[in-house]
Amino acid sequence: MSDLLANLNPEQLAAVTLPPQHALILAGAGSGKTRVLTTRIAWLISTGQVGPHGVLAVTFTNKAAKEMLARLSAMLPINPRGMWIGTFHGLCNRLLRAHHREAGLPATFQILDSADQLSAIKRLLKNLNVDDEKYPPRELAHFINAHKEQGIRAAQAEAYDDYTRRRVELYAEYEAQCQREGVADFAELLLRTYELLCRNEPLRRHYQARFRHILVDEFQDTNVLQYKWLKLLASYGERSPAAGPSQGRTEGGDDEKTLLASDERGEGGCIFAVGDDDQSIYAFRGAEVGNMRDLEREFRIANVIRLEQNYRSHGNILDAANALIKNNRGRLGKNLWTDAGAGEPIRVFEGFSDIDEARFAVDEVRELIRDGFPPTQIALLYRSNAQSRVLEHQLFSAGVPYRVHGGLRFFDRQEVKHALAYLRLIANPDDDTAFARVVNFPTRGIGSRSVEALQEAAHRANSSLYNAAASLTGKAGAAVGQFIRLIETLRAETAALVLPEVIEHLIDRSGLRAYYLGEKEGRERLENLDELVSAATAFVQEEEGTLAHPEESDAAASFLAHASLEAGEHQAGEGQEAVQLMTVHAAKGLEFDAVFITGLEQGLFPHENSAQERDGLEEERRLMYVAVTRARRRLYLTHAQTRMLHGQTRYCLSSLFLEELPEELLRRVGATPSFAASPAPAYSAAPTRQREASTVGGFRIGQSVQHAKFGLGVIVSAEGGADARVQINFGAHGMKWLALAYAKLTPV
DNA sequence: CGTCACCTTGTTTTT
DNA sequence: CAAGGTGACG
């Protein structure tokens, strides 16, 4: 017990041993956030203040949830299974499975991942004869999700113009389609649960009374709906029933103020939120940093505890991070410090090209490994996934083992999705998304004409594709009928089998295996299908250990939910001694001895799209802050003068963020090549094509220039002739074509 | 109906 | 540069 609290610093100790009250912990990067969270739970339980039953711990990623569970298992003698620890989506799924009737969902409801959702929307638009040029499916998906994440149903959505009115109608149609098919997208899991708890008072009171302590990780990433959800669960002692949400789908509003008067809170559970506003990097998908301020105000949190001592990084790295983030406005305020000493300077490298940059990084990586850095402790970070290719190429050539995180996940592979679609159809024939996916895969003579006819019939009868199949006549009807019989046969044949056998059977009898056997690229896909069977075996075994979930007795349904909700970090090279490659987003929460942040160029990092978004640059800066604070001992910042992008060479300015770092912390390393310098740079793109020395009016491509209004830029392309003009990348000011006759350009 | 080739198009981050 | 979608052909 006292072991538990040993080695905590005063702030951590204060946070862990807070009396039962709402709390907000402002936890800087590397300040022991997870430790505080788990120790808090362990402390509460071991001091008898709460049973495992009364704990609800919410995270954003499965990895974080698993990590928490693992640490708790190590800290507590008891089995932590009684606690509800999981992601928002995972917990909502669990709740909805348990109360599917009350939530208005079939027991076997399926979860649409983003790809499924997109295809469902495309299908909807086709059915309704909506022009998908005018209403792009991706945009519509975003529109719908954004509304759901605010807790707004189509019925309440505001339509301020004709275009939006139509989108709201489509939102409503989409809701209806999902309901008919018995499917729920990611946002729906949350919204449904929220509405369920709003509407159903006994249920709400039950969970409110049960969860004495609600702990939230990465609170800065919560969206509006998630915050509402938390408030609902934490507010058992509402002042009056009328103040809380009552019948139907009430929209936030006045419930919030009355909900939380602390003197009347009665027996409501306590929220213990841990977050860092400086690490909020998911605003683009609805995360609302403002929730931290709102929590502080609405839950009357008197003293926010700040964890500012960093146990991860050396001083120079922290100084750089602090200097960078100071450029953001409206922070809650926090300054990381360490007693670990300044450490090494931050190395900055400028490459001639992206290839040059990658080569430098890989050379350094090899040196680090020679110096005894474990490969798994070396991370190569980048802003966007596309950047990994060049790095991978260099690593591969150099024979350095590496592992790429992110990218396509196991359960997103087409062959896996196909196999699972059969499983879904057996469980729920109304799942049109699954139906459409495999009705003609492998091909069985049901072409687009037949599918269209079927969709029309289904639309007329307001039924699922599956049920409409019988009404089709002619040749198409026969073919579709055969498919239906296939599904029915599969269902009958697999009824008595355990899940892995079911999947194995489906793969064989659906024709998937035969199909991929005949494909030249099919071997890997077949291996993945086998892997899917293994995954199911492992899953079932795991489930058997966890009989704490009687509500999830349907193995197929829970496996499907698992497949949708969990990325499945089944990746080759796992556990090997490999260098780690990932996006900065994916690196959040991780730490490494040595970190390379690559592609530090205007337009890439900060990304050009961020310029259009509100506070976009600040979010990019927070992203950079996250990246910098991943490093323990050594940090490299690299950028390149030219980069292949969209199949053509782009000329790049170095990132604004590099300029925001104090020069005294930096050390430029490697040669500083430039187009002007003729000697071959230390790292140059192998046999470089001879660059045409074409100059236009004294300017050449790749040259840096100064413009009175737009500042510093790089000439990207040029046109000669009578009215010669050049295209210049001005970074933050964008790309401009300027006529040399008029523009006042000064060579730099 | 199925396949292949060409064209367009869009390229940030993800539970 | 890649993937996804469309159009022409077999």
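Basis for what follows: all heavy atoms, side chains included, without hydrogens, waters or symmetry-related copies. In the text below, chain A, chain B and the rest are named by the order of the sequence lines, each starting its count at 1.
- Straight-line distance from the OH atom of A:Tyr382 to the P atom of B:dT11: 19 Å, rounded to whole Å.
- For A:Phe284 and B:dT13, the ring-to-base geometry satisfies the stacking test (centroid distance below 5.5 Å, interplanar angle below 30°).
- At a threshold of 4.0 angstrom between heavy atoms, the contacts of A:Phe88 with the nucleic acid are absent.
- Centroid-to-centroid, the aromatic rings of A:Phe60 and A:His89 stay 6.0 Å apart or farther.
- Rounded to an integer number of Å, the gap from CG of A:Asp116 to C1' of B:dT14 is 15 Å.
- Nearest-nucleotide positions on DNA chain B for A:Gly447 and A:Arg285 put A:Gly447 closer to the 5' end.
- Separating the NZ atom of A:Lys66 from the C1' atom of B:dT15 is a distance of 14 Å, rounded to the nearest angstrom.
- The nearest whole Å value for the distance from the CD atom in A:Gln117 to the P atom in B:dT15 is 15 Å.
- The side chain of A:Arg138 has B:dT11 as its nearest neighbour among B:dC1, B:dT13, B:dT11.
- Using modelled atom types, one finds a donor on one side chain and an acceptor on the other under 3.5 Å when comparing A:Glu357 with A:Thr638.
- By the 30° and 60° cut-offs, the orientation of the rings of A:Phe605 relative to A:Phe657 is perpendicular.
- Summarising the geometry, the separation between NE2 on A:His562 and P on B:dT15 is reported as 14 Å, rounded to the nearest angstrom.
- Aromatic ring pairs are classed by plane angle as parallel below 30°, tilted from 30° to 60° and perpendicular above 60°; the pair A:Tyr171 and A:His147 is tilted.
- Closest to the side chain of A:Asn440, out of B:dT15, B:dT14, B:dG2, is B:dG2.
- Residue A:Asn385 is classed as a sugar-phosphate contact, given heavy-atom separations below 4.0 Å to backbone atoms only.
- Within the cation-pi definition used here (under 6.0 Å to the ring centroid, within 45° of the axis), A:Arg192 does not qualify as a partner of A:Phe109.
- Among the protein residues, A:Ile446 comes within range of the sugar-phosphate backbone only, with heavy atoms under 4.0 Å from sugar or phosphate atoms but none that close to a base.
- Classification of the A:His562-A:Phe539 ring pair by plane angle, with boundaries at 30° and 60°, yields tilted.
- Within the 4.0 angstrom heavy-atom criterion, only backbone atoms of the sugar-phosphate kind lie near A:Ser450; the bases stay farther away.
- Toward the 5' end of DNA chain B, the nearer of the two residues A:Arg444 and A:Ala386, judged by each one's closest nucleotide, is A:Arg444.
- Side chain of A:Ser564 to backbone of A:Leu560: a donor-acceptor contact under 3.5 angstrom is found.
- Among B:dG2, B:dT15, B:dT13, the nucleotide with an atom closest to any side-chain atom of A:Phe186 is B:dT15.
- Contact annotation for A:Asn223: no contact, since no heavy-atom pair falls under 4.0 Å across all strands.
- Residue A:Asn62 has no polar side-chain atom (N or O) positioned under 4.0 Å from OP1 or OP2 of B:dT15.
- Side chain to side chain, A:Asn327 and A:Glu660 meet the donor-acceptor criterion of an N or O pair below 3.5 Å.
- At the phosphate of B:dT15, neither OP1 nor OP2 sits under 4.0 Å from any side-chain N or O atom of A:Ser564.
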Checklist entry - When every nucleotide of nucleotides 2-10 of chain C is labelled 5' to 3' by its protein contacts under 4.0 Å (heavy atoms), B for base, S for sugar-phosphate only, - for none, what sequence of letters results? => result S--S-----
